[in-house]
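Let me begin by presenting the structure, written as structure tokens, before commenting on it.
The structure presented is a predicted model; accordingly, all values stated were derived computationally and were not measured. Side chains included, hydrogens not; waters and symmetry mates left out as well; all remaining heavy atoms used.
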Amino acid sequence: MVQLVSSHGKTLKVVPSLPSGEPGLHDGISARLWAATSALAQESMSTPFVTGIADGTLPRSTFQHYLAQDTNYLIMYGNAYATAVNMCRPDQQHVAAALLEVIDKINQEVAKHTEDSGPDASATTITLVPATTAYTSFLRRISSCPTATLAEVMAAVIPCSRLYGWIGRQLVAKATLEGNPYKAWIDTYGCEEFNQASPILEAILDEVYIPGTYEHLLSIYEEAMRLERNFFAAQPT
């Protein structure tokens with residue numbers, strides 16, 4: 001069922017996610033990109049970090065390491081969205097409004113990571129591992145390119161949102177939740193509120209997609225999915 005999200009006199013046609021956390025059934029470019037890279041999603045799901053979250057055996061030191069790395073990543077991730085907002089034309093202010101709401105959510109996520117990391121953690125003093133640096137450099141390269149299109153930036157940022165939502169929904173259904181010290185993490189990314197963002201982002205990509213650029217966007221989307229997998233795999237266990 002298509003939901004209509006209206007702002008500034010214009011409407012985005014949003015297809016809600018499936019209960020599994022996958023994109024809803026439609027033939028838009030965003031759904032095609034996810035389907036083409038779903039094997040990488042499975043690889044992320046199989047990393048020791050995610051399996052340790054699922055059964056609650058992940059060392060606390062590993063989770064603290066993840067929080068510090070992810071906080072730095074999210075700052076660059078939010079910057080990429082800010083660039084996307086600035087790329088919106090006057091007739092795309094409904095898109096800009098939706099992106100600004102996502103930026104607000106990212107800022108809340110950074111604040112929560114900082115709180116969970118404790119008083120001694122600082123995003124400015126953490127040594128980033130190569131996987132984190134590679135991911136933030138990728139986002140910077142795509143979003144700061146003088147010839148970048150809005151579709152390219154969306155293809156770079158959507159995989160993070162969609163993959164986390166999918167993993168969250170998978171873990172809600174399959175993970176050991178009772179007594180799991182990471183239940184709050186699972187609940188955060190598996191909840192309905194978090195999973196409302198990806199369909200809106202995908203509706204934006206479907207709207208701004210330029211026909212004939214699928215293969216190019218696939219290369220960007222696939223690289224982001226690969227960097228996500230590498231990020232999870234880089235967490236020490």
Side-chain angles (χ1 to χ4, degrees), residues 5 7-8 10-15 17 23 26 28-37 40-41 44 70-110 131-166 194-231:
V5 178
S7 178
H8 292 77
K10 290 200 171 185
T11 300
L12 285 171
K13 295 181 179 179
V14 178
V15 180
S17 301
H26 63 95
I29 196 73
S30 59
R32 291 175 59 194
L33 292 171
W34 169 262
T37 57
L40 287 167
S44 288
D70 200 44
T71 297
N72 279 271
Y73 162 78
L74 285 171
I75 293 170
M76 186 63 233
Y77 187 58
N79 290 344
Y81 277 98
T83 299
V85 170
N86 291 333
M87 295 172 74
C88 292
R89 303 186 307 262
D91 64 338
Q92 292 177 321
Q93 291 311 296
H94 62 302
V95 170
L99 293 173
L100 285 170
E101 290 187 12
V102 174
I103 291 173
D104 183 59
K105 296 293 185 184
I106 294 170
N107 290 337
Q108 292 177 34
E109 193 173 358
V110 169
T132 306
T133 301
Y135 205 171
T136 56
S137 297
F138 161 78
L139 290 174
R140 186 179 297 108
R141 170 170 58 84
I142 297 297
S143 62
S144 65
C145 178
T147 61
T149 66
L150 184 53
E152 289 171 339
V153 177
M154 296 310 299
V157 298
I158 287 173
C160 176
S161 178
R162 174 54 72 187
L163 181 63
Y164 265 80
W166 176 77
F194 182 85
N195 281 272
Q196 289 173 350
S198 293
I200 294 174
L201 299 175
E202 289 163 345
I204 292 172
L205 176 55
D206 292 341
E207 180 175 304
V208 302
Y209 169 64
I210 301 170
T213 61
Y214 170 77
E215 293 297 334
H216 176 59
L217 293 183
L218 176 59
S219 69
I220 295 173
Y221 194 103
E222 186 173 37
E223 185 173 359
M225 289 288 282
R226 188 176 296 109
L227 288 165
E228 280 287 351
R229 178 204 61 195
N230 294 348
F231 179 81

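Using a 4.0 Å cut-off between charged nitrogen and carboxylate oxygen, R226 and E222 count as a salt-bridge pair.
Using a 4.5 Å cut-off on side-chain heavy atoms (C-beta onward), S143 and M76 make contact. Contact annotation: the side chain of L99 approaches that of C88 to within less than 4.5 Å [non-hydrogen atoms, C-beta and beyond]. Using a 4.5 Å heavy-atom threshold, the side chains of T149 and V208 count as separate.
Counting all heavy atoms, side chain and backbone alike, P23 lies closest to E202 at CG-OE2, 3.9 Å. Of all non-hydrogen atoms in A151 and L205, the two that sit nearest each other are O-CD1, 3.6 Å. Nearest heavy atom pair, residue A84 against residue V153, reads CB-CG1, 4.0 Å. Counting all heavy atoms, side chain and backbone alike, G28 lies closest to D206 at C-OD1, 3.7 Å. Scanning both residues, Y214 and Y209, for their nearest heavy atoms gives N-OH, 3.4 Å. The minimum heavy-atom distance linking S44 with R229 is given by the pair OG-CA, 3.2 Å.
By the side chain to side chain contact (heavy atoms under 4.5 Å, CB included) test, E215 is found to be paired with L218, residues two or more places apart in sequence or in another chain being considered.
Here CD of E223 is found 4.5 Å from CZ of R141. Values are rounded to the nearest 0.5 Å. Atom CG in D70 sits 6.5 Å away from atom CD in E109 (nearest 0.5 Å). Rounding to the nearest 0.5 Å gives a distance of 8.5 Å between CG of L139 and SG of C160. For the atom pair CE (M225) and OG1 (T37), the distance works out to 4.0 Å, reported to the nearest 0.5 Å.
A donor-acceptor pair under 3.5 Å is formed between the side chain of S219 and the backbone N or O of H216.
Note on ring orientation: taking the six-membered ring where Trp is involved, the planes of Y77 and Y73 are parallel (angle under 30°, cut-offs 30° and 60°).
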